[in-house]
**Q** 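Sharing a structure here in structure tokens format.
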Amino acid sequence: MSNNLPTTCAFTLHTSFSPLLPLYHTFLLDQFGVIHNGSESLHGAVNCIEVMHQQHKQMAILSNTSSPSHVAKKRLIKYGLQEGLFAGGLVSSGEECARHIRQHYCGGNNNSSSSDGNKKALWFTWKESEKQSPMQFLTHCEEGSGAMIDVATSVDEADFILLHGSEVWRRCRDIESSTSSSGQEDNDVIVDLKFLYDEDYTVVDKLLQEAANKGLPMVCANPDLIVGLPKGIEGHMPGKIANRYETIMGGTVHQFGKPNPRHFHSCLENLGMEFDVNSKIDGVAHVGDSLHHDVVGANAAGIDSIFVLGGIHAKELGLSATGCDEHSGIDIVDSRDPKREEKGKSYVTKAELISKLNVMFDEAGVYPTHVVPSLSLGKY
């Protein structure tokens with residue numbers, strides 16, 4: 001891995017994804033904000049992926065989801081995609097995190113807080129739902145190790161922090177033990193962090209400060225800071241908690257996923273590609289909507305980056321996020337004509353958009369190779 005690969009402040013703006021197809025033989029794709037919004041596929045994305053497959057492009061999904069890879073792959077069907085479209089499979093930060101936990105925290109030893117030798121985790125995670133299964137993640141961490149991860153009920157009991165999600169503090173393994181006779185979750189066992197939607201640090205900071213005082217290491221399964229949820233809601237992600245623990249509390253954090261170049265290279269290895277990690281890798285591009293995770297990571301990995309406007313940075317740029325139908329998204333035009341503009345879309349001239357992007361990229365010190373409205377072959 002090299003941090004000295006050249007970057008350039010020059011980028012090319014495109015009105016659709018079509019001009020990029022002839023330029024690359026391999027595409028690594030982000031999920032949220034590019035392919036789907038967590039509930040539905042985004043307009044044009046499935047068709048674009050199918051066309052790339054027909055043109056024999058090699059593809060892999062590189063995602064900062066906290067789910068194990070095999071779980072995330074199964075969800076692709078919901079968005080109208082078959083696993084066979086992606087020769088490089090799906091590399092998730094959750095999978096890399098689970099491997100780390102299996103190697104470093106599974107297996108009894110005398111340094112554990114548990115009487116049976118199992119390590120105990122202070123567990124930040126998601127609520128159980130059709131989309132999220134925290135227990136499935138925990139058992140995947142333990143798979144093949146012959147050991148268990150016990151769940152701490154307090155900081156004093158814990159050996160490490162498992163930052164799997166940013167929605168609840170879960171103080172038990174068995175979900176049934178956290179549910180009352182009325183079917184409601186026990187608030188003493190499943191504690192709402194009030195962070196995912198509100199970014200309230202009241203509960204989080206108290207736990208983090210206690211953990212920092214005890215010197216607990218943190219393992220973060222999803223380094224994302226924010227995510228675009230359905231209906232324009234902005235979600236606050238585990239990466240914010242991890243950064244706070246490290247920079248403000250002085251804690252030790254192990255994060256997995258983008259922008260670590262290793263995860264980009266894992267996708268290429270899955271595709272059977274040979275490459276030099278210290279040199280520019282031609283013919284490969286990563287498509288993502290996060291400047292700080294997708295673009296930074298791709299640049300560090302030595303591959304071209306394609307920045308998607310209609311994702312998490314859309315609001316910052318004063319644009320509409322890509323939606324699930326043709327009546328949403330961003331239309332890049334030569335000149336504005338309000339009489340012909342459709343409600344629900346963002347219309348922006350090339351000159352105006354390039355000016356905004358130059359300011360954003362200069363402030364971040366991060367520059368993509370290409371910029372597109374969305375993963376769609378047609379102009380909205």
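As a basis for the values below, the full set of heavy atoms in this structure was taken, side chains included, without hydrogen atoms, waters or symmetry mates.
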**Q** Please report the shortest heavy-atom distance between M135 and R173, naming the atom on each side.
**A** CE-NH2, 3.0 Å
**Q** Please give me the minimum heavy-atom distance between V151 and C172, naming the atom from each residue.
**A** CG1-N, 3.4 Å
**Q** Is the shortest side-chain N to carboxylate O distance from K240 to E199 below 4.0 Å?
**A** yes
**Q** Identify the two heavy atoms, one from C106 and one from A147, that lie closest to each other, and give their separation to 0.1 Å.
**A** C-CB, 3.9 Å
**Q** Can you say whether the rings of F361 and F307 are parallel (under 30°), tilted (30 to 60°) or perpendicular (over 60°)?
**A** perpendicular
**Q** Please identify which of these residues, D205, L163, V204, L216, meets the side-chain contact (heavy atoms from CB on, under 4.5 Å) condition with Y245.
**A** L216
**Q** Should Y201 and I161 be regarded as members of a common hydrophobic cluster, given that ILVMFWY residues are connected when their side-chain heavy atoms come within less than 4.5 Å of each other, either directly or indirectly?
**A** yes
**Q** Please determine whether a side-chain nitrogen of the Lys or Arg among K345 and E341 lies less than 4.0 Å from a carboxylate oxygen of the Asp or Glu.
**A** no
**Q** I'd like to know if the side chain of R336 and the backbone of P338 have a donor-acceptor N/O pair within less than 3.5 Å.
**A** no
**Q** Which of parallel (below 30°), tilted (30 to 60°) and perpendicular (above 60°) describes H100 and H254?
**A** tilted
**Q** Go through the steps for V371 and L309 under the test side-chain contact (heavy atoms from CB on, under 4.5 Å), then give the verdict.
**A** CA-CA 7 Å; V371 177; L309 291 169; 3.5 Å; yes
**Q** Any sub-3.5 Å donor-acceptor pair from E167's side-chain atoms to K127's backbone N or O?
**A** yes
